[in-house]
Novice: 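Starting off with a structure, shown below.
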Amino acid sequence: MNTEFKKQILRRIPYGLYVVGVVDGEEVSGFTATWLAQCSFDPPLLMMAVRADSRSGSLIKNGRAFSINFLDKSQSDLAKTFFKPPDRAGNKLGEVEFHTGLTGAPLLELAQAYLECKVVEIVEHGDHHVVIGEVIDAQVCREGDSLMLSDTNWSYGG
Ligand SMILES: Cc1cc2nc3c(=O)[nH]c(=O)nc-3n(C[C@H](O)[C@H](O)[C@H](O)COP(=O)(O)O)c2cc1C
């Protein structure tokens, strides 16, 4: 295989860019994610790939819930806040206003829309684990085009 082509082609897959809210008991946090897609109409399911070695991955495995916070095209700075692991970024939700949803997952006040999911299955294979979540709540806070990975100069894939 030509690994350079493999990288280039995998990076052509279009993705949105989100802040995923996670919760386990008293601990709430969030991380920037792009590997996310719908995978069932009924029940409404999402699949999301989460780094196996991340703090957020552990929180999702224990807490069994997450939120997807959709951002405006002008909100890439907010996504940037959630790139880093907690040991470098500290409390990532410290400066960011949020309230908690039905599952306890954080919903950002600045989000244009959000979904809230209960984890139904986790497929552990590879360096990211596929978390399948059932959508149990949804809110559109304002209209507008959502931030896409292609609106930024960042890449995640290859
Ligand atoms: C553009 C971009 C997209 C990302 N997409 C994902 C993703 O889909 N899944 C994932 O687990 N990490 C993704 N990350 C990496 C996480 O945001 C990063 O590992 C973060 O530190 C995780 O938070 P945590 O350490 O608090 O768990 C992405 C990072 C960037 C810069």
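Note that ligands are numbered from 1 as they come in the structure, with each ligand's atoms numbered from 1 the same way.
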Novice: Side-chain heavy atoms under 4.5 angstrom apart, residues restricted to Ile, Leu, Val, Met, Phe, Trp, Tyr: same cluster for Met148 and Trp154?
Specialist: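 Shared cluster, no.
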Novice: Contact between Lys61 and Ile122 at the side-chain level, heavy atoms closer than 4.5 Å - yes or no?
Specialist: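 Lys61 vs Ile122: side chains touch.
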Novice: Mark up the atoms of ligand 1 that fall under 4.0 Å of a heavy atom belonging to Trp35, in ascending order.
Specialist: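 So the atoms of ligand 1 that pass are 8 (O).
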Novice: Which residue and atom name correspond to the protein heavy atom nearest atom 11 (O) of ligand 1, and how close is it?
Specialist: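 Here the nearest protein heavy atom works out to Arg51 N, 2.7 Å.
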Novice: Is Met48 in contact with ligand 1, taking contact as a heavy-atom separation below 4.0 Å?
Specialist: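 The answer is no, since Met48 has no heavy atom less than 4.0 Å from ligand 1.
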Novice: Is any NZ, NE, NH1 or NH2 atom of the basic residue among Lys73 and Asp151 found under 4.0 Å from an Asp or Glu carboxylate oxygen of the other?
Specialist: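 Yes, Lys73 and Asp151 are salt-bridged.
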Novice: Run the numbers for me: atoms of ligand 1, each under 4.0 Å from some heavy atom of Val50, listed by number.
Specialist: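 Numbered from 1, ligand 1 contributes 11 (O).
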Novice: Is the shortest side-chain N to carboxylate O distance from Arg142 to Asp72 below 4.0 Å?
Specialist: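 Salt bridge present between Arg142 and Asp72.
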Novice: Which heavy atom of the protein is the closest neighbour of atom 5 (N) of ligand 1, given with residue, atom name and distance?
Specialist: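 Sorting protein heavy atoms by distance from atom 5 (N) of ligand 1 puts Thr34 N, 3.2 Å first.
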Novice: Relative to the heavy atoms of Ser56, which atoms of ligand 1 are at a distance of less than 4.0 Å?
Specialist: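 The list of qualifying atoms is 23 (O), 24 (P), 26 (O), 27 (O).
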Novice: Does ligand 1 have an atom that lies less than 4.0 angstrom from a heavy atom of Leu36?
Specialist: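 No heavy atom of Leu36 comes that close to ligand 1.
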Novice: I want to check something: taking the side chain as every heavy atom from C-beta on, are Met48 and Trp35 in contact at a cut-off of under 4.5 Å?
Specialist: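 No, every pair of side-chain atoms sits at 4.5 Å or beyond.
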Novice: Check whether any side-chain heavy atom of Leu110 sits under 4.5 Å from a side-chain heavy atom of Leu78, and report yes or no.
Specialist: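 The answer is yes; the side chains approach within 4.5 Å.
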Novice: Is it the case that ligand 1 has an N or O less than 3.5 angstrom from some N or O of Lys92?
Specialist: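 Yes - when backbone and side-chain N and O of Lys92 are compared with those of ligand 1, one distance drops under 3.5 Å.
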Novice: Begin from the C-alpha positions of Gln112 and Leu71 and carry the test side-chain contact (heavy atoms from CB on, under 4.5 Å) through to its verdict.
Specialist: CA-CA 5 Å; Gln112 64 161 219; Leu71 306 178; 5.8 Å; no
Novice: Non-hydrogen atoms of Tyr15 versus ligand 1: any pair closer than 4.0 Å?
Specialist: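 Judged by the 4.0 Å heavy-atom criterion, Tyr15 does not count as contacting ligand 1.
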Novice: Within ligand 1, which atoms have a heavy atom of Lys84 less than 4.0 Å away?
Specialist: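 Within the 4.0 Å cut-off of Lys84, ligand 1 contributes 21 (O).
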Novice: Quick check: does Ser29 get an N/O under 3.5 Å from an N/O on ligand 1?
Specialist: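 There is no such contact.
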Novice: I need the atoms of ligand 1 closer than 4.0 Å to a non-hydrogen atom of Ala33, numbered in the order shown.
Specialist: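 Going through ligand 1 atom by atom, the ones under 4.0 Å from Ala33 are 5 (N), 6 (C), 7 (C), 8 (O).
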Novice: Under 4.0 Å between a side-chain nitrogen and a carboxylate oxygen: does that hold for Arg64 and Glu121?
Specialist: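 Between Glu121 and Arg64 there is no salt bridge, as every charged N stays at least 4.0 Å from the carboxylate O atoms.
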Novice: I need the atoms of ligand 1 closer than 4.0 Å to a non-hydrogen atom of Arg55, numbered in the order shown.
Specialist: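 Those qualifying, in numeric order: 27 (O).
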Novice: Which of these, Phe83, Phe31, Tyr156, has its nearest heavy atom closest to atom 18 (C) of ligand 1?
Specialist: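 Comparing heavy atoms across Phe83, Phe31, Tyr156, the nearest one to atom 18 (C) of ligand 1 lies in Phe83.
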Novice: Show your working on ring pair (Phe, Tyr, Trp, His ring centres under 6.0 Å) between Tyr18 and Phe70 and close with a plain yes or no.
Specialist: CA-CA 5 Å; Tyr18 315 95; Phe70 288 66; 4.9 Å; yes
Novice: Can you report which non-hydrogen protein atom sits closest to atom 25 (O) of ligand 1, along with the distance?
Specialist: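 For this ligand atom, the closest protein heavy atom is Pro85 CA, 3.1 Å.
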Novice: Would you say Val119 and Phe66 make side-chain contact, with heavy atoms under 4.5 Å?
Specialist: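 Contact flag for Val119/Phe66 side chains = yes.
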Novice: Which residue owns the protein heavy atom closest to atom 1 (C) of ligand 1, what's the atom, and how far is it?
Specialist: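 Heavy-atom neighbour on the protein nearest atom 1 (C) of ligand 1: Leu149 CD1, 3.7 Å.
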Novice: For Ser67 and Glu116, does a side-chain donor sit closer than 3.5 Å to a side-chain acceptor?
Specialist: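 Side chains of Ser67 and Glu116: no pair found under 3.5 Å.
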Novice: Atom 16 (C) of ligand 1: which protein heavy atom is closest, and how many Å away?
Specialist: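 Heavy-atom neighbour on the protein nearest atom 16 (C) of ligand 1: Thr32 O, 3.6 Å.
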Novice: Checking a contact table here: which protein heavy atom is nearest atom 9 (N) of ligand 1, and how many Å away?
Specialist: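 The answer is Ala49 O, 2.9 Å.
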